Amino acid sequence: MTVSEGDRLDAFPAGVTAGTVRDGVLDEPDSRAATDELLSTLRTSRYTPTAWSRFLARATRRSVRQALHHRRALLESTVLHAGLAALADPRHRTWVAASWLLTISHLGMLENRRTLGVANTLTLIRANLPALENRLGNAVPILALTTDWLDGRISRETGTETRFGRQADFLADTALWTWFTLRHEPNGWLRTATFAAWGASVVAVTVASFAGGAMKDMPRSRRIRPAATLQVIIGLRIVLRQIRHTRRELHGEAFPA
């Protein structure tokens, strides 16, 4: 049977021709809707190897397109991480590179904003403090607490809160405080509490999102904030240890053995 030119064109939606398939996820302006569609398709396809390959390919294409759509934020992120890498210990530049990659692959979560803004910049700096420990020393937990307080306050007062900022804030805290407790916190109970407050939460939400075929939100409470409490406790402990260490050194100088 012969198909006329008009019938052949009518078989495809407007703007789509034979041999092309339009993927709405690529240009979906709402990052949450795009993520939910990607996860839903993966779940419907029963998580087969082919489904995972398609999921990763579509997510990558969307990330690239969104990064190019947010060119100013892409440039700001690249310049910021280049500066952080220059200051970091060469052994820790992989940390900075990972932070940059995560940042530029999630710029779509800025939605209509074209710039990172002050609050998100502070969050990204906090995420990279471990790479700067060689320069900052015991100031790392103090700077972490300070930037955490500042970025939240700035974003609320300027009305610049975004999904990108909320996600980056939590991931920055997860990476920094997990690293810090492993490296500097001798108390086993606090180490366990840190993994429960951050690491276990990330794993639980990730598994629930993939299993449910839709993005799940991290549970938050304005009154009960165990993670914030842990930050203060861990930060104060390192400050108190430093004070005791300084006193012992001064005592030894004043009363030499």
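Only a predicted model underlies this, so the values are computations on that prediction, with no experimental measurement involved.
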**Message:** Which heavy atom of A86 sits nearest to which heavy atom of R93, and what is that distance?
**Reply:** O-NH2, 3.9 Å

**Prompt:** Do H81 and S99 come close enough that some side-chain heavy atom pair is under 4.5 Å?
**Reply:** yes

**Prompt:** Quick one: does L116's side chain get under 4.5 Å of S77's, heavy atoms only?
**Reply:** yes

**Donor-acceptor pair between T115 and E76 side chains, under 3.5 angstrom** = yes

**Request:** Report, as yes or no, whether the 6.0 Å neighbourhood of atom CZ on R72 holds more than 12 heavy atoms from other residues, nucleotides or ligands.
**Result:** no

**Message:** With rounding to the nearest 0.5 angstrom, report the CD to CZ distance, E111 to R32.
**Reply:** 10.5 Å

**Asked** So do R166 and M109 actually touch side chain to side chain, heavy atoms under 4.5 Å?
**Response** no

**Asked** Restricting to pairs with a member in residues 120-129, which pass salt bridge (charged side-chain N to carboxylate O under 4.0 Å, His left out), not counting sequence neighbours?
**Response** R126-D148, R126-D151, R126-D169, R126-D173

**Asked** Would you find a donor on one side and an acceptor on the other, under 3.5 Å apart, between the side chain of R71 and the backbone of L68?
**Response** yes

**Asked** Linking Ile, Leu, Val, Met, Phe, Trp and Tyr through side-chain heavy atoms less than 4.5 Å apart, which residues share a cluster with L122?
**Response** V118, W149, L150, I154

**Asked** Is W100 atom CH2 crowded by more than 12 heavy atoms from other residues, nucleotides or ligands, each under 6.0 Å away?
**Response** no

**Message:** Side chains of T41 and R58, heavy atoms from C-beta outward: is any pair under 4.5 Å?
**Reply:** yes

**Request:** Indicate yes or no for a side-chain donor-acceptor contact from T194 to the backbone of T178 under 3.5 Å, with no hydrogens or angles considered.
**Result:** no

**Message:** Under a 3.5 Å distance rule, please check whether W95 uses its side chain to pair with a backbone N or O of L132 as donor and acceptor.
**Reply:** no

**Asked** Taking side chain as C-beta onward, heavy atoms only, is S45 less than 4.5 Å from F55?
**Response** no

**Item:** side-chain contact (heavy atoms from CB on, under 4.5 Å) between H106 and Q66, intermediate numbers included
**Value:** CA-CA 8 Å; H106 290 82; Q66 287 297 314; over 6 Å; no

**Asked** Looking only at heavy atoms, which two atoms of T162 and R113 are closest? And how far apart?
**Response** CG2-CD, 3.4 Å

**Asked** Checking side-chain contact (heavy atoms from CB on, under 4.5 Å) for the pair T121/L80: CA distance, chi angles, key distance, verdict?
**Response** CA-CA 8 Å; T121 299; L80 173 64; 4.1 Å; yes

**Request:** Could you walk me through whether R163 and Q167 pass the side-chain contact (heavy atoms from CB on, under 4.5 Å) test, one step at a time?
**Result:** CA-CA 6 Å; R163 287 172 179 159; Q167 187 79 359; over 6 Å; no

**Request:** Dump the intermediate steps for side-chain contact (heavy atoms from CB on, under 4.5 Å) on L182 and F195, then the final yes or no.
**Result:** CA-CA 10 Å; L182 285 174; F195 282 111; 3.8 Å; yes

**Prompt:** Any idea which heavy atoms bring V96 and A88 closest together, and the distance?
**Reply:** CG2-CB, 4.3 Å

**Message:** For H184 and W179, I'd like to know if the aromatic rings sit close, meaning centre-to-centre distance below 6.0 Å.
**Reply:** yes

